[in-house]
Structures are given as C-alpha cells and as structure tokens.
Amino acid sequence: METVVSGIRSTGNLHLGNYFGAVKNFLKMQYENNCYFFIADYHSLTTHPKPADLHANIKQVLAEYLACGIDPDVATVFIQSDVPEVTELYLLLNMNAYVGELERTTSFKEKIRKQPDNINAGLLTYPVLMAADIIIHKANKVPVGQDQAQHLEMTRRFARRFNTMYGVEYFPEPDAYNFGKKLIKIPGLDGTGKMGKSEGNGVFLADTPAEIRKKVMRAVTDTGPQTPGEKPSEPVHNLFTIMNVVSDPSTVKYFKEQHASCQIRYGDMKKQLAEDIIRIIGPVGERIKEIVADNKYLARVVSEGAEKARASASLTIREVKEIIGYRPF
Ligand code: TRP
C-alpha cells in the first residue's frame, strides 16, 4: 500500500480527456492505496482569481471529482487552504530552496512569458508549495502527467536536501505513479491536438446533452475519402479515437467500413458519437448538478477531509520542527 498525493487545479472544469486520461485511473487507485486528493486552491492564487469566483470554482471542481466516483469515505478528499500545516512546511522548505533553481524551472519561465505583469513570488515558489503538499503526507507516489515531471523532480530534490541537511532519513522521495498500460490521450474536436480546457475543443462533463450534441456536430472533419481504403485524415482519425473509447466496437467497425468504402456520412457518425458520449458521461453531468446543489454533503466532505489531512500533516510538522531544532520551553 503506497501513500499517494494528488493536487487538482481549482480552475477549469473536467473534460472527456481528463476523465478517460486521469480521473478513471484515480477511481481504481483509491481502493489500492492511501490516497490524498486535494483541490490546490492556494496554487490558484498565483494567477489572481477574483474573490467572487474563487469559491464557486473550488466547489465545482470538487463536485466534479466526487461525481466521477472519487469516494471521500475511501480517499482523503480535502481543500488545500483548509490545511494550514501545508503553508508551514512551505515556509520551512523555502529556506532550503534556492532562487537560482526556482528561476530555472520551466513552468516559471513559461509564466514569465505569459503573464509578464504578474511575476509574483508565489509563482517562483510554486514548486516548493507543491513539494510541501506531497511530502507533508510522506507520499511515495504522485500521479502526474508529463507536464508536472519537473515539479516532481524538484519535490524529490527538496526531500533529499532536507534529509541530507539534517542527517535523517525522514522524507521519502516520491515517484510518479505508473498506471501500467499506456495513458489514453483524447483528441479535441477541432481536428488537431489533444483535448484541453483552454483550446475550446472539449466536451465537458458538466455539459448538457444539448451542448454535447452541438459541439460534436460542429467537430472538424474533411470533404470525405476519395479512394477506397484511404487512411482517415487527422480530424476524422481523432473522431474515431474518441469513438473507440465511448462507443460499442461494432459501431466503430461499421463507420470504419463506411469510411473505407467511401460511403461514410460524417453527420451520421457524429450523431452516433454524440449519443454515445452522452450515454457515458450524461449520468456524471446529472450527478455534478445534484452534488453542487447539496451544500450539506459538500460541507461534510471537506470538513472530514480536512480533519484527516490535518491529522497526518500536523504529525509531520511536529517531527520536522523537532528535527530542525525547535524545542518546547
Ligand atoms: N501543479 C499541479 C498541476 O498543475 C497541481 C498540484 C499542486 C499538485 N500540488 C500538487 C499535483 C501535489 C500533485 C501533487 O496540475
């Protein structure tokens, strides 16, 4: 049994790509490990969300994960800002994080380009806060994608540095959680690239069936195959990739054959695809609405989650302060 920590961005709603690429793996993982799933709402402050939006964003993302089947009675589900111990460890780790290495972080350099008017110290120390999130529970596994690989490497480094500095074997160095088989990448509906929240090419779990139909019917295709047996173009191939995940194999086979014989009508294919997406994620969308409306349930989830997370985090803080040399009077 491993201890797993995963932080979830509190901006942006979940789309099909997140669902099949990540969240479905979390569902299985939660039964096999000691999992901490939290909403990284302190991290989100680096981009200065409006006070009027912050809570609703957090609530929506939390509801979406719960609707997918993250079980708060199995995993520890909490909000980062409900666990002040994390910020205490962040402060302590900052003393051994060097400005040079933080400035060299890829994500920081990217932010400098993207938001030159808001290069705040929170952005610079983002990897330190993330390391605190992870090692405060002495996690050994972190299920992150390639875009977070450098942050995880820095987490390992900060953990190792603490151990070396104080001559202890205290923090484990966490590894990436390996999902075994290849991760599923869901392409977007715009013909190129993967589904993303900012690309405007996604189907969101919270979309209504009508919205899903509209988006899928507008998906990019091509003018149709010209010669029998022709390979599908990228946009059409992408639709087949999504179909492979949501539709019955016989449906995929039917439309592949239609394509190979140049008889395919993309309108029919998209209609079918939309219905199959709705069949799979429609119930999740319904559940999201129910959970968002159930404040009592959400309040219970976050308060029980915070209690469990703080039990683990406060033990670490006590031991870390002891190691650093703080003594009670
Ligand atoms: N940086 C992560 C992301 O952008 C979110 C995150 C914050 C995280 N703290 C974490 C992920 C701890 C894993 C573990 O997706």
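Each ligand, and each atom within it, is numbered from 1 in the order the structure gives.
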For I134, atoms of ligand 1 separated by under 4.0 Å from a heavy atom: 12 (C), 14 (C)
Side-chain donor or acceptor of Q263 paired with backbone N/O of Q258 under 3.5 Å: no
Whether Q30 side chain and G69 backbone form a donor-acceptor pair below 3.5 Å: yes
Pair E32 + K28: basic N to acidic O under 4.0 Å: yes
N/O donor-acceptor pair under 3.5 Å between E101 side chain and V99 backbone: no
For D133, atoms of ligand 1 separated by under 4.0 Å from a heavy atom: 7 (C), 9 (N), 10 (C), 12 (C)
Ligand 1 versus V142: contacting region, heavy-atom distance under 4.0 Å: side chain
Within the 6.0 Å centroid threshold, strictly below: F37 and Y65: no
Close-contact set for ligand 1 against H43 heavy atoms, below 4.0 Å: 7 (C), 9 (N)
Nearest neighbour in protein (non-hydrogen) for atom 13 (C) of ligand 1: G7 N, 3.2 Å
Structural part of F38 in contact with ligand 1, heavy atom criterion under 4.0 angstrom: side chain
Nearest-neighbour protein heavy atom for atom 2 (C) of ligand 1, which is reported as residue plus atom name and distance: Q148 OE1, 3.4 Å
Atom 1 (N) of ligand 1 - nearest protein heavy atom and its distance: Y126 OH, 2.7 Å
Y170 ring center within less than 6.0 Å of Y166 ring center: no
Backbone of T106 reached by a side-chain donor or acceptor of Q150 within 3.5 Å: yes
Q80, portion touching ligand 1 at heavy-atom distance under 4.0 Å: neither
Contact atoms of ligand 1, heavy-atom distance to R9 under 4.0 Å: 3 (C), 4 (O), 15 (O)
